[in-house]
Amino acid sequence: MKKLARRGLTGLLIVLLGGWLLLNLLDINQLKKPVLSWLNENTELDLSVGRLEFNPLSPYKLLAEDVRLGDWFSARQVYLELEQLAPLAGRTQVAILDVIDGKLDLEHAQAPALPANLADIRIAELNIQNLSLTGTGWEAGGITLAITDWQPRRNGQWQWWAGASLNGRARQLSHPALELSGLDFSGQLRQNRLELNDVSSRLFGGLFSGSLVLDPSRREVQLEQPQFSQIKLQLADAPVLPEGWRLLLNRASLDNVSLSTSRLNINGIKGELRDLEWSGSGLPDGRGSWQADEATLDWLRLDRHRLQWLGDSERQGINLSGQAWEGSIEAELEWYPDQGRLDINELQMSGNKLVWQPDIRWTVPEVRIHKLNLSRTELLSMDDALPLSIFDGALFITDMAWSAGLWRPLSEQARLEGSVSELVWNSLIARSAHLNARLTDEQLLIDRLDGDWLDGKATLSGSMNLYAPHHTRLELSGERWQLRHLSNWLRAGQGFAGELNVTARLTGEPSDSASWQGDLKLQGQDIFVEQAGLDPWLRNRLGEDYTEPKQVDSALAAWDLMQQDGFFYRLELQGPVQHGQWLLNNSAVQSVRHLISLRGSAGADGTMNLNLGVINDKGCRELAILLRGDWHAPTLRLHQPPLNTPCKPWYTGPVPYPAAGLPGNLIEAVRALPAPLTE
């Protein structure tokens, strides 16, 4: 009996050993082709496998190499270990699923169609190593991911966002507007959302950490208490989000962050953002506060400053204080993007040194100034079209608005006040100047504009209508103006110098020269004019015969005048202005040797109708000069009228006869003079 038992056990062992050898000699890859054909015909997987490893003694374990699904997924190895397979019940439980060196194209990926006996799939442990992802603008590489207790398919429907726990890392994640590296994360899939409780990564040369929630159903990305440190964010274009998506940030911490765009640059940001919400276009909603080392927006520049921000899609409010342009700045601003409107609720600047560049442009359509106060301000213009510099300037503006190229008041308190220690426009210099002005719905009212100008005094007051025809009223008083400064500023072909007093009371419309009315008076002394040799020209004319009126070539006369310079001891031109014509009366010019009286009119349009007289020591006219037409090329007529004895004075004004003038009859005295020496 014992012998029979030993033979039976020996035979069973031989059978088992032979079966084991037979199974190991069986090549499972011989079954690969028919199995794959059946799978592709019944599941539309478009699956291909390079090599299979399978042991029938362990039927729930399978290793596949060179796996490919269509043209959107491939993997070097896929290891599958089933825990339970119940085809009749449609349940499949996977104990372990490993994917190694996979590549997934999200843009073309599709959910595989599976038969009914694979209606429910649960994966206890999914391990992914070195996965590469590509999508619309997205790329990710070196992904390692572990997901536990995941049911991606239920009742025949795929549910990719089913609840599960996960953790992993990625070597890099990139997008045209984003670049992450060394990304570590852990969290769970819950309620169709990806919740990462702990995320850390290198971001734009710095560090990022925080919590992230991705909610596809609501199209939201939420960052909870994110921390950004040492990040240098450079944006060539404005960042965008996929259509319909929102970005939410709660209590974001910023530590030495820099931002650079085509227009805006901020360095050394430290602070916090709260309750930020951004829909991918326009400006965000939220609030925050931070400080920064410097910030530039186009030509605007801030140095060390603090800023508080509160905004939504309709209004962005900013309070800032700090250093700017070597001075201090405090501001309370509001920006309304839909209206293109900037409200300056309050702006105070002190000790600033501003530089105006030729490429500076103001692109804000409307500005409302409620309170602006500048003090101890300096301005230097580098623009040839604006040759201006200001030293120690002050400006105060309240309740004024600018839009469509026009200023308008915001209230009855709209006014402008200013002062400057020195203002230089080209070569014109004004010192100790003050301005007080008001703005109404219809007029700009200048209550006071005075200062030292042209080394003399100037006072101006008046008004101008804001709308066409811009009716203007002005009163001007100038004392001891030094004309050499005006000559340098005009850069005229003929230089001049001397001292001038001006008194003017005028009303009119700038665009209508015939509308001007009022009074104008000019008083000058010791005036020198290049290429205006009036004395030798008059001597020559008095020595000629003009007993009958004679037309003279004005161009030839001008050429004669230009041969020498002229000097005038005294000048007094005065008279009313009517219909744009200055009606001269009791006006005269005293040169070194002659007294010339003027009657007639000079027009604001450049025309003149002047009757000049060369006056002798009795006040009588001995040479009549008639100038008519445009002042550039007038007609000129000369006449030596007969003198009665005694003669009737033609000029009785305040300008005296020159001390060096010839006594008696001018014509006789001139003709008795010796001929001038010629070379």
Side-chain angles (χ1 to χ4, degrees), residues 70-73 103-112 131-141 143 145 152 157-162 166 170 172-181 183 185 187-196 199 201 203-204 208 210-226 228 231 233-252 257 259-264 273-288 309-316 335-340 363:
D71 58 357
W72 54 271
F73 174 78
K103 295 181 180 180
L104 176 61
D105 184 352
L106 293 174
E107 187 175 359
H108 299 96
Q110 51 187 294
L131 174 67
S132 297
L133 291 177
T134 59
T136 306
W138 290 93
E139 289 186 5
I143 299 174
L145 180 64
Q157 301 295 324
W158 290 102
Q159 48 176 22
W160 304 109
W161 294 87
L166 58 89
Q172 60 87 24
L173 174 64
S174 62
H175 184 267
L178 186 66
E179 186 73 33
L180 297 171
S181 62
L183 175 64
F185 54 90
Q188 57 275 330
L189 291 168
R190 183 170 57 186
Q191 297 178 351
N192 295 323
R193 303 194 313 174
L194 173 61
E195 300 178 355
L196 300 180
V199 181
S201 171
L203 173 65
F204 296 113
F208 159 74
S211 300
L212 180 145
V213 177
L214 178 63
D215 191 338
S217 62
R218 301 180 62 177
R219 295 192 173 187
E220 288 182 353
V221 179
Q222 301 179 31
L223 293 177
E224 292 289 335
Q225 298 185 351
F228 302 91
I231 289 174
L233 181 58
Q234 297 183 351
L235 301 176
D237 301 309
V240 296
L241 286 177
E243 185 177 356
W245 281 76
R246 294 190 304 165
L247 174 64
L248 306 175
L249 268 72
N250 183 31
R251 300 189 65 179
V257 173
L259 172 64
S260 176
T261 71
S262 59
R263 298 181 58 195
L264 175 65
L273 293 174
R274 290 181 175 233
D275 306 323
L276 185 143
E277 179 178 338
W278 182 53
S279 61
S281 62
L283 296 172
D285 297 1
R287 57 195 174 102
W309 164 68
L310 175 63
D312 54 41
S313 58
E314 297 181 354
R315 170 192 168 276
Q316 299 285 314
W335 168 245
Y336 296 85
D338 291 341
Q339 304 175 41
T363 58

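Put simply, the side chain of Arg193 never gets that close to the backbone of Ser217: no donor and acceptor are under 3.5 Å apart. A donor-acceptor distance shorter than 3.5 angstrom exists from the side chain of Gln316 to the backbone of Pro284, with no hydrogens or angles considered.
Listed by chain and residue number, Trp158 satisfy the ring-ring contact (aromatic ring centres under 6.0 Å, His included) test with Trp160 (two or more places apart in sequence, or in another chain). Residues that satisfy the side-chain contact (heavy atoms from CB on, under 4.5 Å) test with Leu214, not counting sequence neighbours, are Trp161, Leu194, Leu212, Val221, Trp245. Applying the side-chain contact (heavy atoms from CB on, under 4.5 Å) criterion to Ser174, with sequence neighbours excluded, gives Glu139, Gln172, Glu179.
To the nearest 0.5 Å, the span separating CG on Leu180 from CZ on Phe208 amounts to 7.5 Å. Taking CG of Leu276 as the reference point, atom CZ of Arg287 lies at 11.0 Å (rounded to 0.5 Å). Between the CG atom of Leu247 and the CD atom of Glu277 there is a distance of 9.5 Å, given to the nearest 0.5 Å. Note that CG of Asp285 is 12.5 Å distant from CH2 of Trp278, once rounded to the nearest 0.5 Å. Note that CG of Leu104 is 5.5 Å distant from CG of Leu133, once rounded to the nearest 0.5 Å. Atom CG of Leu203 sits about 7.5 Å away from atom CG of Leu233, to the nearest 0.5 Å.
Between Leu223 and Asn250 there is no side-chain heavy-atom pair separated by less than 4.5 Å. Side-chain atoms of Glu224 and Gln222, non-hydrogen and from C-beta on, do get closer than 4.5 Å to each other.
Shown here for Ser181 and Ser201, the closest heavy-atom pair between the two residues is O-OG, 3.1 Å. Of all heavy-atom pairs between Asp338 and Ser313, the closest is OD2-O, 4.4 Å. Across all their heavy atoms, Pro337 and Glu314 have their closest contact at CD-O, 3.5 Å. Across all their heavy atoms, Ala162 and Leu189 have their closest contact at O-CB, 3.2 Å. In terms of heavy atoms, Phe228 sits closest to Ala252 at CE1-CB, 4.1 Å.
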Query raised in the report: Does the pair Phe204 and Leu259 meet the rule for a side-chain contact (heavy atoms from CB on, under 4.5 Å), with working shown?
Result: CA-CA 10 Å; Phe204 296 113; Leu259 172 64; over 6 Å; no
